[in-house]
Amino acid sequence: MARPPSPCSPPPVLLLLLLLLLPLPVPLGAGDPLPTEGRLMINCIQARRKCQANPTCNATYHHLNSCISSINTASPAEEPFVPVDCVEVAQHLRNSSLMSCTCHRRMKNQAACLDIYWTVHPARSIGDYELDVSPYEDTVTRKPWKMNLSKLNMLKPDSDLCLKFAMLCTLNDKCDRLRKAYGEACSGSRCQRHTCLGQLRSFFEKASEAHAQGLLLCPCAPTDQGCGQRRRNTIAPNCALPSGAPNCLELRRLCLSDPLCRSRLADFQTHCHPMDILGTCATEQSRCLRAYTGLIGTSMTPNFVSNVNATVALSCTCRGSGNLQEECERLEESFSHNPCLMEAIAAKMRFHSQLFSQDWADSTFSVMQHQNKNLAMRPQPWAPSLLSCPLTLILLPSLW
């Protein structure tokens, strides 16, 4: 006699849907760049090795490397002075794989890869100046994330969402280990800011995005200052942020002198940049949020400005900027008044709020949603039977 199906087993239609969704890239909007383009690219370490095998390419690379130091880049908004011999050298690299090489956020030799990228990057725009572009290959993660929400019953029903996401991190071995590491490095009156920032970067690079963004972007009621304070303290601002408020342009100058920070800033400018006065965003919200969290742990670490709202800003000022006042304000406002970033944060907080909603199963909410649109499925006849099962949400990063 055939065994009756378990009430906790997902219906065959749902299993088929998951099988169809997992191996495929996310369908993006008509104007979105294809995430699979990066597969054709080569990382900069591999491209450098390929160049070393060619004596002409190798000599050209070394010549260009020496040229870079002579290029005057007093301000990123100004066109740099490029010596004629540098222009000639750059022409020889235009057909090299170095010119299209990229790096990965979680690669082991990321620092070496970025050094190579920024050595050849000025050659991309020599004679045709342009702003920095992201060195990171834009890949889509297909490994699903799992969160067992049933274990949250140990908390009080009225616990705020920041506390719930903190508990979810504690219940995950990797997230808990990484969070404790930066908590220890960033605590105490004599914390070492450099060490603290390094541990913060490690957390946001190695913890799953579901846990990291849950901690960082947990929604709070405007009247719940305890929740807002927990959210602001996620990045340990007392240690991670400068004690005084430096000039924003000086902060950027320090960032541009460090290949990692420069890369993260370029990534943020690439994916969170409004393309017109209407606020049309360059890419979808998931990429903007990934670029935003990539800045945490660098000299350009942003944070929430208060406990009562979700406004973010750099920890700097434009006082004393002189004739660069407008440029400084544009930099500061690229965080504090950035419509693409603000909407991406708001959308993620709405998603997190729906995730813990008391009546989410009775609504059209689905955890499988695209970051730019709240995709919904109509309630199915089998939904009530699933409510009696342990609630484990499988979050597909490609879809939200």
Side-chain angles (χ1 to χ4, degrees), residues 73-78 114 118 131-134 182 185-186 189-201 203-205 216-217 228-229 231-274 279 282 288-346:
T73 53
S75 169
E78 298 176 1
L114 294 175
W118 291 116
L131 295 177
D132 286 347
V133 293
S134 176
Y182 86 74
C186 301
S189 58
R190 297 183 178 180
C191 73
Q192 298 294 322
R193 183 167 177 251
H194 179 75
T195 304
C196 173
L197 291 177
Q199 290 296 335
L200 271 174
R201 287 198 306 272
F203 175 80
F204 283 98
E205 286 176 358
L216 185 68
L217 304 175
Q229 186 176 23
R231 182 171 61 193
R232 286 188 70 211
N233 288 339
T234 297
I235 66 162
N238 290 338
C239 183
L241 302 182
S243 55
N247 184 274
C248 296
L249 295 179
E250 174 62 17
L251 209 61
R252 183 179 63 182
R253 187 191 67 79
L254 292 173
C255 180
L256 295 180
S257 66
D258 172 42
L260 178 63
C261 185
R262 182 183 181 184
S263 301
R264 300 300 173 85
L265 180 59
D267 197 47
F268 175 77
Q269 292 171 336
T270 298
H271 295 299
C272 297
H273 178 64
C288 177
L289 288 181
R290 188 177 298 126
Y292 173 80
T293 57
L295 280 169
I296 297 175
T298 71
S299 59
M300 298 284 285
T301 297
N303 197 21
F304 295 98
V305 298
S306 76
N307 298 336
V308 297
N309 59 47
T311 303
V312 299
L314 294 172
S315 184
C316 62
T317 179
C318 284
R319 289 192 299 269
S321 297
N323 59 359
L324 296 177
Q325 181 71 22
E326 291 186 6
E327 182 181 345
C328 183
E329 290 176 356
R330 283 197 301 271
L331 173 62
E332 194 278 328
E333 290 175 359
S334 68
F335 289 85
S336 62
H337 293 81
N338 184 326
C340 297
L341 176 61
M342 293 167 65
E343 180 51 36
I345 290 175

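The residues of the chain are indexed from 1 along the displayed sequence. Only a predicted model underlies this, so the values are computations on that prediction, with no experimental measurement involved.
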**Item:** Verdict with reasoning, Phe268 to Asn338, per side-chain contact (heavy atoms from CB on, under 4.5 Å)
**Value:** CA-CA 11 Å; Phe268 175 77; Asn338 184 326; 4.1 Å; yes
**Asked** Are Arg252 and Arg262 close enough, and set up right, to give a side-chain contact (heavy atoms from CB on, under 4.5 Å), and what steps lead you there?
**Response** CA-CA 9 Å; Arg252 183 179 63 182; Arg262 182 183 181 184; over 6 Å; no
**Request:** For Phe335 and Leu295, run side-chain contact (heavy atoms from CB on, under 4.5 Å): C-alpha distance rounded to whole Å, both residues' side-chain angles, the deciding distance at 0.1 Å, then the answer.
**Result:** CA-CA 11 Å; Phe335 289 85; Leu295 280 169; 3.6 Å; yes
**Request:** Please lay out, stage by stage, how Ser263 and Trp118 fare under the test side-chain contact (heavy atoms from CB on, under 4.5 Å).
**Result:** CA-CA 9 Å; Ser263 301; Trp118 291 116; 2.8 Å; yes
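For Arg264 against Glu205, the heavy-atom pair with the smallest separation is NH2-OE2, 2.6 Å. Residues Asp267 and Ser134 share a closest heavy-atom pair of OD1-OG, 2.5 Å. The minimum heavy-atom distance linking Pro274 with Cys272 is given by the pair CD-O, 3.4 Å. For the pair Cys288 and His271, the tightest heavy-atom approach, listed with the atom from each and the gap, is CB-O, 3.4 Å. Nearest heavy atom pair, residue Ala185 against residue Thr195, reads CB-CG2, 4.1 Å.
Between the side chains of Glu332 and Ser336, a donor-acceptor pair is found at a separation under 3.5 Å.
Within the model, atoms CD of Gln199 and SG of Cys239 stand 11.0 Å from one another, a figure rounded to the nearest 0.5 Å. Atoms OH and CZ, on Tyr182 and Arg201 in that order, are 14.5 Å from each other to the nearest 0.5 Å. The structure places SG of Cys255 at 12.5 Å from CG of Leu249, a figure rounded to the nearest 0.5 Å. Atom CG of Leu324 is separated from atom CZ of Arg330 by 9.5 Å, given to the nearest 0.5 angstrom. Of the inter-residue distances, the one linking His273 atom NE2 with Cys340 atom SG reads 8.5 Å to the nearest 0.5 angstrom. Atom CD1 of Ile296 is separated from atom OG1 of Thr301 by 7.0 Å, given to the nearest 0.5 angstrom.
Remark: side-chain polar atoms of Asn233 are paired, donor with acceptor, to backbone N or O of Gln229 under 3.5 angstrom. Of the possible donor and acceptor atoms, one in the side chain of Asn303 sits under 3.5 Å from a partner among the backbone N and O of Arg232.
Partners of Phe204 according to the ring pair (Phe, Tyr, Trp, His ring centres under 6.0 Å) rule, which considers only residues two or more places apart in sequence or in another chain, do not exist here. When the ring pair (Phe, Tyr, Trp, His ring centres under 6.0 Å) test is applied to Tyr292, no partner is found at least two apart in sequence or on another chain. When the salt bridge (Lys or Arg N to Asp or Glu O under 4.0 Å) test is applied to Glu250, the partners found at least two apart in sequence or on another chain are Arg253.
Contacts classified as side-chain hydrogen bond (donor to acceptor under 3.5 Å, both in side chains) and involving residues 238-248 (residues at least two apart or in different chains) are given here: Asn247-Ser321. The ring-ring contact (aromatic ring centres under 6.0 Å, His included) analysis of residues 294-334, with sequence neighbours excluded, yields no pairs.
Within a 6.0 Å radius of CD in Gln325, other residues, nucleotides and ligands contribute more than 12 heavy atoms.
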Tabulate below the donor-acceptor pairs under 3.5 Å that side-chain atoms of residues 311-319 make, not counting sequence neighbours, or state none.
residue: Thr311; atom: OG1; partner: Asn309; partner atom: OD1; Å: 3.4
residue: Thr317; atom: OG1; partner: Arg319; partner atom: N; Å: 3.1

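When side chains are defined from C-beta on, Leu216 counts as touching Ile235, because their heavy atoms get closer than 4.5 Å. The closest side-chain heavy-atom distance from Arg193 to Pro242 is below 4.5 Å.
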